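The structure's right below; bear with me while I get my questions together.
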Amino acid sequence: QVQLVESGGGLVQAGGSLTLSCVPSGATFSNYAMAWFRQAPGKDRDFVAAISLSGRSTIIADSVKGRFTISRDNAKNTVALKMNSLKPEDTAVYYCAARRGLGIYTDKSTYNYWGQGTQVTVAS
């Protein structure tokens, strides 16, 4: 059973930066594609970024492209979401997700494991 623990959320002023981290446990990390999703109050959980097993392939949502990057360190068992030039509309709970196997996907239904989420609030 894979368990995911996110950290790094908080309150930041518009234009600022945050880095979220996700630490998986209970499985071989390099066997899992990873992703970040976010959910604002009253809205659906939306795709943000995904990364392949090796880390060589990534997908970034158009809404955050050029501002957010996703990376992973298989030796340290961590995946990170670096967020720059934050905007108030980036305010949401951010979730780390994992799915076993090859490929990277933007559809949240393809991910089997989820963290509890970390709150990101961007003040204007």
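Remember, it's a predicted structure, so these values are computed and weren't measured experimentally.
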Next item on the list: Assess the pair Tyr95 and Phe37: is the distance between their ring centroids shorter than 6.0 Å?
Entry: no
Next item on the list: Please list all pairs passing the salt bridge (charged side-chain N to carboxylate O under 4.0 Å, His left out) test where one or both residues lie in residues 58-72, with sequence neighbours left out.
Entry: Asp62-Lys65, Arg67-Asp90
Next item on the list: Indicate yes or no for a side-chain donor-acceptor contact from Arg99 to the backbone of Ala33 under 3.5 Å, with no hydrogens or angles considered.
Entry: no
Note to self: Do Trp114 and Lys108 make a side-chain contact, defined as non-hydrogen atoms from C-beta onward lying under 4.5 Å apart?
What the structure shows: yes
Item checked: From Ser7 atom OG to Tyr94 atom OH, the distance as rounded to the nearest 0.5 Å -> 15.0 Å
Margin query: Do Leu4 and Ile51 land in one hydrophobic cluster if side-chain heavy atoms of ILVMFWY residues count as linked below 4.5 Å?
Written below: yes
Item checked: Nearest non-hydrogen partners of Ala61 and Phe47, listed with the distance -> CB-O, 3.5 Å
Notebook entry, point to check: Side chain of Asn74, backbone of Leu53: donor and acceptor closer than 3.5 Å?
Noted result: yes
Check: Do you know which two heavy atoms are closest between Leu18 and Gly8, and how far apart they sit?
Finding: CD2-O, 3.8 Å
Checklist line | Backbone of Gly9 reached by a side-chain donor or acceptor of Thr118 within 3.5 Å | finding: yes
Next item on the list: For the pair Thr28 (side chain) and Ser30 (backbone), establish whether a donor and an acceptor sit closer than 3.5 Å, ignoring hydrogens and angles.
Entry: no
Notebook entry, point to check: Under a single-linkage definition using a 4.5 Å side-chain heavy-atom cutoff for Ile, Leu, Val, Met, Phe, Trp and Tyr, are Tyr113 and Leu81 assigned to the same hydrophobic cluster?
Noted result: yes
Notebook entry, point to check: Which heavy atom in Cys96 sits nearest to a heavy atom in Met34, and how many Å separate them?
Noted result: SG-CE, 3.5 Å
Next item on the list: Indicate whether any N or O donor in one side chain lies under 3.5 Å from an N or O acceptor in the other, for Thr78 and Asp73.
Entry: no
Check: Just by modelled atom types, is the Tyr105 backbone N or O under 3.5 Å from a matching donor or acceptor in the Tyr111 side chain?
Finding: yes
Checklist line | Sidechain-backbone polar pair: Glu6 side chain, Gln116 backbone, donor-acceptor under 3.5 Å | finding: yes
